[in-house]
Amino acid sequence: MVTRVRQAYEEIIQHIEHVIENSDIAQRRKPVILAASKAQGVAAIYEAIDAGIRDFGENKVQEALDKWPEIKENHPHVHLHLIGALQSNKIAEAVTLFDIIQTVDRVKVADGVMREMQRQGRNVPCYIQVNIGDEPQKSGVPVAEASALIGHCRTLGMDIKGLMCVPPVGQHVAPHFALLANIAAAHGISGLSMGMSDDYETAIRMGSTCVRLGRVLFGERM
Ligand SMILES: *Cc1c(COP(=O)(O)O)cnc(C)c1O
């Protein structure tokens with residue numbers, strides 16, 4: 001059955017191939033397409049898995065706990081990423097459930113995640129979220145403190161897979177993506193989780209390795 005999600009996914013794959021062919025980053029690997037499934041029911045997530053999507057992102061630990069244990073049992077090969085803010089009191093559950101945590105953004109969270117991984121004997125690759133526009137209300141480590149946090153995480157022995165950002169709404173995104181790529185390069189970090197429905201083409205041109213797509217895959221959220 002050709003579902004809406006499958007059709008959207010296939011169009012996005014073609015579009016990404018087109019973007020890569022028509023830019024000077026032809027040597028780069030295609031980014032992972034992560035389906036941002038917040039506010040989506042389990043049925044829509046199964047449709048996305050049937051369409052071939054293997055990476056999913058949830059924003060809230062509690063919502064993920066409600067939806068994902070059953071899905072993961074049926075589809076153990078799917079990777080679940082945490083892409084929303086991580087509160088200290090949710091760290092233990094997050095380390096148990098998620099395969100990748102993209103939102104380490106302060107020392108307290110880094111320390112807690114490392115402690116839980118050791119306690120649970122589980123290695124969960126982490127990204128550091130950078131508040132790339134230094135917006136007061138947004139999560140992510142401030143740009144000026146990113147290097148220090150990366151250093152702290154490495155001292156702990158944390159496996160930092162990448163950096164992640166959500167740029168300010170209503171601004172040109174390219175300078176923000178370029179800044180994130182620069183910070184990553186300066187620290188020898190290869191993963192760049194950047195690009196959402198409205199700006200993933202730009203993010204790919206700037207080196208994204210993981211685009212997080214909600215609306216273009218699932219339709220507008222209710
Ligand atoms: C919701 C969300 C996305 C996807 O946003 P769309 O604009 O629907 O593609 C990506 N990243 C994060 C952190 C989100 O919360």
Side-chain angles (χ1 to χ4, degrees), residues 4-13 15-16 19 31-42 44-45 47-48 51 53-68 78-87 90 94 97-106 109 124-135 137-142 146 161-174 176-177 179-181 184 191-222:
R4 189 197 178 284
V5 174
R6 179 184 294 273
Q7 193 178 345
Y9 182 51
E10 284 170 2
E11 283 170 14
I12 291 164
I13 290 173
H15 187 53
I16 287 177
V19 168
V32 168
I33 297 172
L34 178 154
S37 51
K38 61 171 175 262
Q40 299 298 331
V42 170
I45 294 171
E47 272 182 26
I53 297 176
R54 291 292 170 267
D55 289 82
F56 289 81
E58 289 285 346
N59 288 69
K60 296 193 174 125
V61 176
Q62 189 54 55
E63 182 179 342
L65 282 166
D66 292 340
K67 285 158 41 178
W68 279 90
V78 163
H79 302 130
L80 183 62
H81 303 237
L82 178 62
I83 60 172
L86 180 52
Q87 311 300 331
K90 294 285 182 191
L97 181 67
F98 288 92
D99 302 297
I100 293 147
I101 294 177
Q102 294 204 2
T103 51
V104 172
D105 67 352
R106 55 194 188 276
V109 168
V124 181
C126 291
Y127 287 56
I128 290 176
Q129 181 178 2
V130 181
N131 184 357
I132 203 70
D134 283 330
E135 296 172 275
Q137 76 291 359
K138 225 176 218 164
S139 45
V141 62
K161 288 285 184 211
L163 303 182
M164 177 269 209
C165 77
V166 181
V169 174
Q171 293 185 13
H172 290 296
V173 289
H176 296 293
F177 292 153
L179 179 57
L180 194 75
L192 286 172
S193 174
M194 56 189 202
M196 302 171 29
S197 291
D198 292 331
D199 53 28
Y200 69 94
E201 296 93 340
T202 306
I204 290 168
R205 288 197 191 93
M206 316 221 54
S208 174
T209 62
C210 174
V211 291
R212 308 179 311 266
L213 305 179
R215 289 166 298 140
V216 280
L217 272 174
F218 294 111
E220 292 293 329
R221 283 181 289 278
M222 295 298 130

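As the structure lists them, so they are numbered: ligands from 1, and atoms in each ligand from 1. Everything numeric here is computed off the predicted structure, so don't read it as measured data.
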Legend entry - Side-chain ion pair, K60 and E63, N-O less than 4.0 Å: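 Salt bridge absent between K60 and E63.
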Legend entry - Residue among V109, N131, I128, I132 satisfying side-chain contact (heavy atoms from CB on, under 4.5 Å) with V141: I128
Any idea which atoms of ligand 1 are less than 4.0 Å away from a heavy-atom of [X]?
X    : answer
L213 : 9 (O)
R215 : 6 (P), 7 (O), 8 (O), 9 (O)
K38  : 1 (C), 2 (C), 3 (C), 14 (C), 15 (O)

Legend entry - Heavy-atom pair of closest approach, residues P31 and I16: CD-CG2, 4.0 Å
Legend entry - Heavy-atom pair with the smallest gap, counting every atom of C165 and R212: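 So the minimum-distance heavy-atom pair works out to O-NH2, 3.0 Å.
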Inset, instruction - Say whether G214, considering both its backbone and side-chain N or O atoms, lies within less than 3.5 Å of an N or O atom on ligand 1. - result: yes
Legend entry - Distance-only N or O hit between ligand 1 and R212, under 3.5 Å: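 Yes.
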Inset, instruction - For ligand 1, indicate whether the residue A36 contacts it via side chain, backbone, both or neither (heavy-atom separation under 4.0 Å). - result: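 Side chain only; the backbone of A36 stays clear of ligand 1.
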Legend entry - Structural part of I83 in contact with ligand 1, heavy atom criterion under 4.0 angstrom: both
Inset, instruction - On the 0 to 90° scale, with breaks at 30° and 60°, tag the F56-W68 ring pair as parallel, tilted or perpendicular. - result: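 Ring orientation of F56 relative to W68: tilted.
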Legend entry - Backbone N/O of Q129 and side chain of D105: donor-acceptor pair under 3.5 Å: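 Here the side-chain-to-backbone pair does not exist.
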